[in-house]
Each structure stands twice: as structure tokens, then as C-alpha cells.
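Sequential numbering from 1 along the given sequence is applied to the chain's residues.
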Amino acid sequence: SLSGPSKLIEGGLLLLSLIVVGQLVFGSVLLSGRDYPIDFIAVSPLVWAAFRFGQRETATASFVVASMALWGTLHGQGPFHRDDPNESLLLLQAFVGLNAALALAFAAVVAEKRRVDEEHLALVPEAEAARKFAETSEKRARFLAEASAMLGSSIDYDPTLVRFLQLDPVGGLPAAP
């Protein structure tokens, strides 16, 4: 997980990649006069935003891509420009809707995984305490079973008392004489 300056740097790089990809796919600056079918490249920064940032940042990245796609399409640039403006906008709407839905779904899955991981980490100390309690309970039960067997099988009081006192109450095994 990022924090502080490293998160700001990565956020800046994400914004830069959104602008570069937006210009490559929908702008006229880098590929003037060409309508290459490279609209799928716009998905990469959205996936990056989904996996490395939160849902809010992913929605913002989707908005930036959608804005650049709309601008490019309305100005006759990019893979969705057609002679009929209605057709152009319908193609663009399908692209933007699909990209936003997929990016937000990725972000939701990542957020859920992070939540589950945090819950799992919170349960680790409880599981360790339960394991230690079970080990202690097992040792006590073993001691009580051995003591009960010893007391029930012996008629002679003095030797039984000596053997009983030699039992280790923690491990249940006879203590060294």
C-alpha cells in the first residue's frame, strides 16, 4: 500500500499516462490524420487505477478518458468518429459505458479483496490465542486423565500418592525424581 509522496508520484504518473493514452487514441497531436483502431489501449490506465488506487480514483480516471474521448470524437478524431454524429456518439457511449463499468468492477473487486485481507489479518491474533488455549486445555485433559487412571487403578495409598505427586500438571508426564 502506498502512502505519502510515493502515492502522489504514482497518481501523477497515472494522470500523465491517461493524457498520453488519450492523445494517442482520441487526439490529433501524436497521430494526426490517422484513425488507428487502438481504443483498447485506454483500458490499461483504468486497470492500473483500479488495482493501485480506490474506486473514487478509478471513477475519476474513467471520467478523464471519457472526456478526452468525447472531445476527440466531437472534433473528428479517434476511432469513433463517423460521418453521422449520432452514430459517432452511440459508439462512444458504448465504449465509455463499457470501460467505466469494467474499471469500476475491477476497483470493487480489489476493494473487497483488501477488506477481506484486513479482516483476515485481524483474526490472526484471535486464532493464535485459540490455538494456545487448545494446547493448554489438551495438556490439562491429559494430566487429569493420567491422574484419574492412576488413582482408579491403585489400591495402595502411599505409592499412589508418590506417583501422583511426580506427575507434571502441565505436560501430564511423570516429573524427574
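- Between R114 and E118 there is no salt bridge, since none of the side-chain N atoms of the basic residue sits less than 4.0 Å from a carboxylate O of the acidic one.
- Counting heavy-atom neighbours within 6.0 Å of D83 CG, excluding the residue itself, gives a total of 12 or less.
- Linking Ile, Leu, Val, Met, Phe, Trp and Tyr whenever their side-chain heavy atoms come within less than 4.5 Å leaves F26 and V43 in two separate clusters.
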Please output the side-chain donor-acceptor pairs of residues 59-73 that fall under 3.5 Å, not counting sequence neighbours, one pair per line with the distance.
unit_1: T60; atom_1: OG1; unit_2: R56; atom_2: O; d: 2.9
unit_1: S62; atom_1: OG; unit_2: T58; atom_2: O; d: 3.1
unit_1: S67; atom_1: OG; unit_2: F63; atom_2: O; d: 2.9
unit_1: W71; atom_1: NE1; unit_2: H75; atom_2: ND1; d: 3.4
unit_1: T73; atom_1: OG1; unit_2: A69; atom_2: O; d: 2.8

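- Listed by first then second residue, pairs satisfying side-chain hydrogen bond (donor to acceptor under 3.5 Å, both in side chains) with a partner in residues 40-51 read E10-W48, not counting sequence neighbours.
- Listed here is the closest heavy atom pair of L14 and A49: CD2-CB, 3.7 Å.
- Under the 4.5 Å side-chain heavy-atom criterion for grouping Ile, Leu, Val, Met, Phe, Trp and Tyr, L89 is connected to V25 within one hydrophobic cluster.
- More than 12 heavy atoms of other residues, nucleotides or ligands lie within 6.0 Å of CD in E57, so this atom counts as buried by the packing criterion.
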Give every donor-acceptor pair under 3.5 Å between a side-chain atom in residues 102-112 and any protein atom, sequence neighbours left out.
unit_1: E112; atom_1: OE1; unit_2: R115; atom_2: NE; d: 3.2
unit_1: E112; atom_1: OE1; unit_2: R115; atom_2: NH2; d: 3.4
unit_1: E112; atom_1: OE2; unit_2: R115; atom_2: NH2; d: 2.3

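- When hydrophobic clusters are built by joining Ile, Leu, Val, Met, Phe, Trp and Tyr residues whose side-chain heavy atoms come closer than 4.5 Å, directly or via intermediates, I19 is not grouped with I9.
- Linking Ile, Leu, Val, Met, Phe, Trp and Tyr residues whenever their side-chain heavy atoms come within less than 4.5 Å places L91 and V96 in a single cluster.
- Counting only heavy atoms from C-beta outward, the side chains of F95 and P79 never approach each other to under 4.5 Å.
- Under the 4.5 Å side-chain heavy-atom criterion for Ile, Leu, Val, Met, Phe, Trp and Tyr, I41 and F80 are members of the same hydrophobic cluster.
- The CG atom of L74 sits 7.5 Å away from atom CG of L92, with the distance rounded to the nearest 0.5 Å.
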